[in-house]
Engineer: 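Supplied in structure tokens, the structure appears directly below.
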Amino acid sequence: MQRIENLIRILALEAVQSFWKTSMEEGAIQVQKTRRDFKGDFTVVVFPLLRHSRLSPELTGETMGQFINEKSELISDYNVVKGFLNLVVDQKYWKQLLELELSSESYGKTDVVASAPKVMIEYSSPNTNKPLHLGHIRNNLLGHSVSQILEASGKQVQKVNLVNDRGIHICKSMLSWLKEGEGETPGSSGLKGDHLVGKYYVRYDKIYKAQVETAIKEGKAKTEAEAEAPILAEAREMLLKWEAEDPEVRTLWEMMNGWVYEGFKKTYERLGISFHKTYYESETYKLGKEIILKGLNEGVLYQKEDGSVWANLEDEGLDQKLLLRSDGTSVYMTQDVGTAHQRYEESEFDSHIYVVGNEQNYHFQVLSIVLKKLGYSWSDRLYHLSYGMVELPEGKMKSREGTVVDADDLMDEMESTARQMSDELGKLGEFEEEEKSRIFRQVGMGALKYFILKVDPKKNMTFDPKESVDFNGNTGPFIQYTYARIRSVLRKGVDVPKAVGSQEMNDKEVALVRLMYDYPEVINEAARALNPSLVANFLFDLAKEFNQFYHDHSILNAEEQEVVSLRLLLVDAISRIIESGMNLLGIEVPERM
RNA sequence: GGUUCCGUAGCUCAGUUGGACAGAGCAACAGCCUUCUAAGCUGUGGGUCGCGCGUUCGAAUCGCGCCGGAAUCACCA
């Protein structure tokens, strides 16, 4: 169906043309939604037109309003307030929309066709030396949600993960496990694999600190003591052995990484996220080297006396950047150059999104520039979706102070809170335990996901545990509850036909249709801005509006049968959009709660 | 110090190409369940949109300058 704003814009241009004999560009006509306190659906701002009309704002608006009103049967009324021309859309448009489009399964989404732009999105990218925490949760949820949104806006989306499975940090966990682990495995201890490995990473740090302290007591300077700690030397040695593919080290490495992957797999399943492809740094870390050396040969890069290779980024207002160490080994940047190259070769993406925290803004800025210097035409197709830190009310999470919020613990807590809330409210008493735990999982996870996704990604956010378990107000459970209410009504009204009749819709009904009219634009805007919070806030507005309607008007017990039919059609459409929108956020909706 | 981002109600956040008296939720207070799920709904109070200048018919929104906060500027990843 035709979008009303476009119609208005066209008619407004015609009016300008015929009354004032000038033409304007289409973009010059400002059409926006009418504010709640005024009568009307869409508003044309007439101020920009005054220099053409040479009339007062009121007269200009009046002239144009009359013209549009007469020209289109879809505009049934208008009024002018100050410099604003408010247009009322005829109910038959809203009814048609409800009947023809809102009832469709895929309303708001764009089909993905073979010629659609290809987007590759990398997210999660965990280290294998510790379990996931709250910060990773934001990453994972954002990555998943943005993928869903991009797909809904018609893009071909390829989700990839890059596991950081090598490096000195892994060796640290391995080392302390060898020293103190006494053969402990996930099987023997019952610990989740990633937690087990994380435990030994912490152990390493304790040993290291103790050694540093001892050295300081013996009179060494702090920096010296830190650099010379025996266990650090051992870790370095282990890394060298790893790079040399020492079988013993490799076997241990594979075993412990295996534990971690088992653990991650569970966490990913619980979060409901997945990838088309997982890359491992151990397999890709050498990739960039060749490209860098080629760049050196071509004179794009330069070498220092000690053999290290650098890029000079001073033309771009930046500094020098190291790309290969003097010993010839790769750094982070080297391998990102390599993986970007590899991925482009594999898929010829139209854009590549990296979901990575804002502490790496500089890194990605440099990555694009380096790729450009190396002559890759697609270097400007990389986009860093940079999201803010998650902080606690007390401040930053610090592992040293034990304030890191563990992902698994947090999910447990959210689910048990859902259970507790439900029991207190006396809901779901008669259900089987299996059914109940499924719902509590949905609600608990819904609360967590919504809490994080409703905030603009680029902003730092505060995670207040108290607030996050509040299931009232602007929360996931509020929206899920709205869905469950509608489903409950629909179950009871199965025999009534869903249809629009000839009767007038009341203000609330129109308001609901008008809100749903926005859904396609919300998806597209969220995809453009890579911002799930737009979807989240839209759903909240819709749920809020529905709950008001629900409170004031009975659906099944409306006086006339026609009204019942219309309202059933209406609320059915609402439930479907809630389900669809929540799905874009990676949140499930329960039939009952 | 350079670069990037942020600063809106007591708290957490909306406010998308500049538009009509700045909006929610939480918290506080006062109400609404014999009627489709009260995880809901209604009402009250609460703001110099960090500060200043500028552009404009019009600025929370754009520009400049301050102030405050975060991140980053490694032969770490």
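Proteins get letters first, then strands, A, B, ... in listed order; numbering begins at 1 in each. Note that this is a predicted model, so its numbers are computed, not measured.
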Engineer: Can a salt bridge be assigned to the pair A/D456 and A/K458 using a cut-off of 4.0 Å between side-chain N and carboxylate O?
Structural biologist: yes
Engineer: Quick check on RNA chain B: between A/F540 and A/K427, whose nearest nucleotide comes earlier from the 5' end?
Structural biologist: A/F540
Engineer: For atom C1', what is the distance between B/G45 and B/U56, given to the nearest Å?
Structural biologist: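 Nearest-Å result for B/G45 against B/U56 at atom C1': 36 Å.
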Engineer: Given the P atoms of B/U4 and B/C49, what is the spacing between them in whole Å?
Structural biologist: 27 Å
Engineer: Suppose you measure atom P in B/C76 against the same atom in B/C62; what distance do you get, rounded to whole Å?
Structural biologist: 40 Å
Engineer: Would you say the base of B/C41 and the side-chain of A/D552 have a donor-acceptor pair closer than 3.5 Å?
Structural biologist: no
Engineer: When you compare B/U12 with B/A77, how far apart are their P atoms, in angstrom units rounded to a whole number?
Structural biologist: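 So the two P atoms sit 36 Å from each other.
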Engineer: Output a table of nitrogen or oxygen pairs between the protein and nucleotides 56-58 of chain B separated by less than 3.5 Å.
Structural biologist:
none

Engineer: Is A/R138 close to A/M461 at the side-chain level, that is, under 4.5 Å between some pair of heavy atoms?
Structural biologist: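 Yes, at least one pair of side-chain atoms sits under 4.5 Å.
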Engineer: Tell me whether A/R3 forms a cation-pi arrangement with A/Y517, defined as NZ or CZ under 6.0 Å from the six-membered ring centre and within 45 degrees of its axis.
Structural biologist: yes
Engineer: Can you work out whether A/H363 or A/F38 has the more 5'-proximal nearest nucleotide on RNA chain B?
Structural biologist: A/F38
Engineer: At 4.0 Å (heavy atoms only), tell me whether A/Q548 reaches a base, stays on the sugar-phosphate, or touches nothing.
Structural biologist: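 Here A/Q548 touches the backbone only, sparing every base.
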Engineer: Categorize A/E591 for me: base, sugar-phosphate, or nothing, with a 4.0 angstrom heavy-atom threshold over every strand shown.
Structural biologist: base
Engineer: Determine: side-chain N/O of A/K459 to OP1/OP2 of B/G7, distance under 4.0 Å, yes or no.
Structural biologist: yes
Engineer: Is A/N129 touching bases, backbone alone, or none of the nucleic acid, heavy atoms closer than 4.0 Å?
Structural biologist: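 Nothing: the residue A/N129, judged by heavy atoms under 4.0 Å, touches no strand.
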Engineer: Should A/K33 and A/D41 count as an ion pair when the cut-off is N to O under 4.0 Å?
Structural biologist: no
Engineer: Counting the atoms with a prime plus P, OP1 and OP2 as sugar-phosphate, which does A/V455 contact under 4.0 Å by heavy atoms, base, sugar-phosphate, or nothing?
Structural biologist: sugar-phosphate
Engineer: Aromatic ring centroids of A/W253 and A/Y280 under 6.0 Å?
Structural biologist: no
Engineer: Report yes if at least one side-chain N or O of A/K544 is closer than 4.0 Å to OP1 or OP2 of B/G25; otherwise report no.
Structural biologist: yes
Engineer: How would you label the contact of A/T43 with the nucleic acid (heavy atoms, under 4.0 Å): base, sugar-phosphate, or nothing?
Structural biologist: base
Engineer: Drop me the distance from A/S56's OG to A/E62's CD, to the nearest 0.5 angstrom.
Structural biologist: 9.5 Å
Engineer: Is a donor-acceptor contact shorter than 3.5 angstrom present between the side chain of A/T482 and the base of B/A39?
Structural biologist: no
Engineer: Specify the separation, in whole Å, of atom CG of A/L318 and atom P of B/U72.
Structural biologist: 16 Å
Engineer: What's A/R528 touching, base or sugar-phosphate or nothing? Going by heavy atoms closer than 4.0 Å.
Structural biologist: nothing
Engineer: So, is A/Y481 close to the B/A39 phosphate, meaning a side-chain N or O under 4.0 Å from OP1 or OP2?
Structural biologist: yes
Engineer: Between A/E243 and A/R166 (salt bridge meaning N to carboxylate O under 4.0 Å), is one present in this structure?
Structural biologist: yes
Engineer: Checking only heavy atoms, does the side chain of A/D470 share a donor-acceptor pair with the base of B/A27 at less than 3.5 Å?
Structural biologist: no
Engineer: Are any of the side-chain nitrogens in A/K209 or A/D205 under 4.0 Å away from the carboxylate oxygens of its partner?
Structural biologist: yes
Engineer: When the C1' atoms of B/G47 and B/C51 are considered, how many whole Å apart are they?
Structural biologist: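 Their C1' atoms lie roughly 16 Å apart.
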Engineer: Do the numbers put A/K304 on top of the ring of A/W310, so that NZ or CZ is under 6.0 Å from the six-membered ring centre and no more than 45° off the axis?
Structural biologist: yes
Engineer: Could you check whether A/A529 gets within reach of a base, just the sugar-phosphate, or nothing at all, counting any heavy atom under 4.0 Å?
Structural biologist: nothing
Engineer: In dot-bracket form, 5' to 3', how is RNA chain B paired? Count Watson-Crick and G-U wobble pairs only if both distances fall under 3.5 Å, and write | where the partner sits on another strand.
Structural biologist: (((((((..((((.....[...)))).(((((.......))))).....(((((..]....))))))))))))....
Engineer: Taking B/A27 as the reference, what is the distance to B/G40 when you measure between their P atoms (whole Å, please)?
Structural biologist: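 Each nucleotide's P atom is 10 Å from the other's.
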Engineer: For A/N472, which contact category applies under a 4.0 Å heavy-atom criterion: base, sugar-phosphate, or nothing?
Structural biologist: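 Result for A/N472 = sugar-phosphate.
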Engineer: Classify the nucleic acid contact of A/Y362 as base, sugar-phosphate or nothing, counting any heavy atom under 4.0 Å across all strands shown.
Structural biologist: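 A/Y362: backbone/sugar contact only, no base atoms under 4.0 Å.
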Engineer: Ignoring backbone atoms, test whether A/R491 places a side-chain nitrogen or oxygen under 4.0 Å from the OP1 or OP2 oxygen of B/U37.
Structural biologist: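 Negative; the distance criterion is not met.
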Engineer: Would you call A/R441 and A/E415 a salt bridge, taking side-chain N to carboxylate O under 4.0 Å as the test?
Structural biologist: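 Looking at A/E415 together with A/R441, the answer is no, because their closest N to O distance does not fall below 4.0 Å.
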Engineer: Whole Å only: how far is the CD1 atom of A/I439 from the P atom of B/U37?
Structural biologist: 15 Å
Engineer: Base, sugar-phosphate or nothing for A/T462? Non-hydrogen atoms, less than 4.0 Å.
Structural biologist: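 The answer is sugar-phosphate, as A/T462 gets under 4.0 Å only of primed atoms, P, OP1 or OP2.
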Engineer: How far, in whole Å, is B/C5 from B/A9 if one measures between their P atoms?
Structural biologist: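 22 Å, rounded to whole Å.
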Engineer: Quote, to the nearest angstrom, the C1' distance that separates B/U55 from B/G18.
Structural biologist: 11 Å
Engineer: Measure from the ring centre of A/F84 to the centre of the six-membered ring in the base of B/A20, then say whether that distance is under 5.5 Å and the planes meet at under 30°.
Structural biologist: yes
Engineer: Could you state the atom-to-atom distance from CE of A/M421 to P of B/A38 in whole Å?
Structural biologist: 14 Å
Engineer: Using a heavy-atom cut-off of under 4.0 Å over every strand shown, decide if A/H384 touches base, sugar-phosphate, or nothing.
Structural biologist: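 The answer is nothing, as A/H384 stays clear of every strand by at least 4.0 Å.
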Engineer: In terms of relative ring orientation, are A/Y550 and A/F546 parallel, tilted or perpendicular, with 30° and 60° separating the classes?
Structural biologist: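 The arrangement is tilted - the two ring planes meet at 30° to 60°.
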Engineer: In whole angstroms, how far is the P atom of B/A39 from the CZ atom of A/R485?
Structural biologist: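 In whole Å, B/A39 P and A/R485 CZ are 8 Å from each other.
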Engineer: Please give, in whole Å, the distance from B/C6 P to A/N361 CG?
Structural biologist: 11 Å
Engineer: How would you label the glycosidic angle of B/C11: syn (within 90° of 0) or anti?
Structural biologist: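 That one's anti.
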Engineer: Would you tell me if any nitrogen or oxygen in the side chain of A/K321 comes within less than 4.0 Å of OP1 or OP2 on B/C73?
Structural biologist: no
Engineer: Got A/E467 and A/F451 here, is their nearest side-chain heavy-atom distance under 4.5 Å?
Structural biologist: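 Side chain of A/E467 against side chain of A/F451, heavy atoms only: contact under 4.5 Å found.
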Engineer: Considering every strand and a 4.0 Å limit on heavy-atom distances, what is the contact class for A/M461: base, sugar-phosphate, or nothing?
Structural biologist: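 Sugar-phosphate, no base atom in range.
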Engineer: Using a strict threshold of under 4.0 Å (side-chain N to carboxylate O), is an ion pair present between A/E545 and A/R36?
Structural biologist: yes
Engineer: Phosphate oxygens OP1/OP2 of B/A77: is one of them under 4.0 Å from a side-chain N or O of A/R325?
Structural biologist: yes
